Number of protein chains: 2
Amino acid sequence: MSVPLYQAKAEMFRVLGHPVRIRVLELLQDGPRPVRHLLTEIDIEASGLSQQLAVLRRAGVVVSFRDKGLVMYALSTTAVADLLAAGRRILREVLTDRDELLKLLS
Amino acid sequence: MSVPLYQAKAEMFRVLGHPVRIRVLELLQDGPRPVRHLLTEIDIEASGLSQQLAVLRRAGVVVSFRDKGLVMYALSTTAVADLLAAGRRILREVLTDRDELLKLLS
DNA sequence: GGAGAAGTTGCAGTTGTTTGCAATTCGGGT
DNA sequence: ACCCGAATTGCAAACAACTGCAACTTCTCC
């Protein structure tokens, strides 16, 4: 491997570190969706969404294909959903820890 | 919650999306470590490491405490290790998928 | 094959991050 | 109290990422 492994890992997480991209992945957890549908759910211009989808595609996190005139996107592997779930779990723990700290101070 | 949830999630992943920060977290998976030790493992200046540790601290991913003159860092929750593991899993799948694609083309 | 919707690409301006260095703080030992 | 190693902080320069808009490609359907 030419690129050190930890750098590839960082890259993977960095790709998830954007509000629009996270939203896209969450929507795709429920199955493949056409770009058109993502656009109705996320408040962003078509070109902006395309840019972010391209980032996800290049990273191999999602795949796209055409279906009856619409471009569909889907998670490339179910492991992506696992990662999102793990992220949610941490967020919950970190936030509740922080809340308890606030309670102690008030 | 003032900040939309998906933005907090993005923030969480973004924090992990840096080579040095990933390396730190991986080293901390084996238990608390002094800054001094991290410095011997990662090729970076002390001040740079401090900056990255501060990012991790602010995000609540790690905690720090002092032990006999040394500052120690530790993962704030074991869920962080789970997240790293999930990341590794995805990376493996994405990379092997890509390799198989390359084989087909060669 | 022409019109129009669906997506993508390219680019320039702006914004946010990273990095390296100097200065500073904080403790512990003597 | 003083010194020294350990860590952190504050900036400014360099770099990367995001945004918005216009142009362009590609389908599909008639």
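Scope of the values below: all heavy atoms of this structure, side chains included, with no hydrogens, waters or symmetry mates. Because the structure is a prediction, the values reported are computed rather than measured. Proteins get letters first, then strands, A, B, ... in listed order; numbering begins at 1 in each.
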query = Rounded to the nearest 0.5 Å, how far apart are CG of L27(A) and OH of Y73(A)?
reply = 14.0 Å

request  = Take atom NZ of K68(B) and atom P of dA7(D), then tell me their distance rounded to the nearest Å.
outcome  = 14 Å

inquiry  = Once rounded to the nearest 0.5 Å, what's the spacing between atom CD of E26(A) and atom CG of L75(A)?
reply    = 11.0 Å

query = Rounded to the nearest Å, what distance is computed from the CG atom of residue L39(B) to the P atom of nucleotide dG5(D)?
reply = 15 Å

Considering all heavy atoms, the nearest T96(A)-E93(A) contact = OG1-O, 3.1 Å

Nearest-Å distance for atom pair CG/P, residues L49(B) and dT9(D) = 12 Å

message = Counting only heavy atoms not in D67(A) (residues, nucleotides, ligands), do more than 12 fall under 6.0 Å from its CG?
response = yes

inquiry  = Both V71(B) and G69(A) contact DNA chain D. Which one's nearest nucleotide lies toward the 5' end?
reply    = V71(B)

task = Quick one, give me the B/S/- string for nucleotides 16-23 of chain D, reading 5' to 3', where B means a protein heavy atom under 4.0 Å from the base and S means that only happens at the primed atoms, P, OP1 or OP2.
result = -SSSBBB-

S76(B) side chain to G60(B) backbone, donor-acceptor under 3.5 Å = yes

message = Need two values: the first and the last nucleotide of DNA chain C, 5' to 3', having an atom under 4.0 Å from any heavy-atom of chain B.
response = dT17(C) to dG28(C)

request  = Measure from CG on L70(B) to P on dT8(D) and round the result to the nearest Å.
outcome  = 11 Å

query = Looking at R14(B) and E11(B), does any basic side-chain N land under 4.0 Å from a carboxylate oxygen?
reply = yes

inquiry  = Are L70(B) and V35(B) packed together at the side-chain level, in the sense that at least one heavy-atom pair is separated by less than 4.5 angstrom?
reply    = no

inquiry  = OP1 or OP2 of dA7(D) versus the side-chain N and O atoms of R36(B): is any pair under 4.0 Å?
reply    = yes

note = Note: for D67(A) and A46(B) on DNA chain D, the residue whose nearest nucleotide lies more 5' is A46(B)

inquiry  = Check this for me: does any side-chain nitrogen of one of E41(B) and R33(B) sit under 4.0 Å from a carboxylate oxygen of the other?
reply    = no

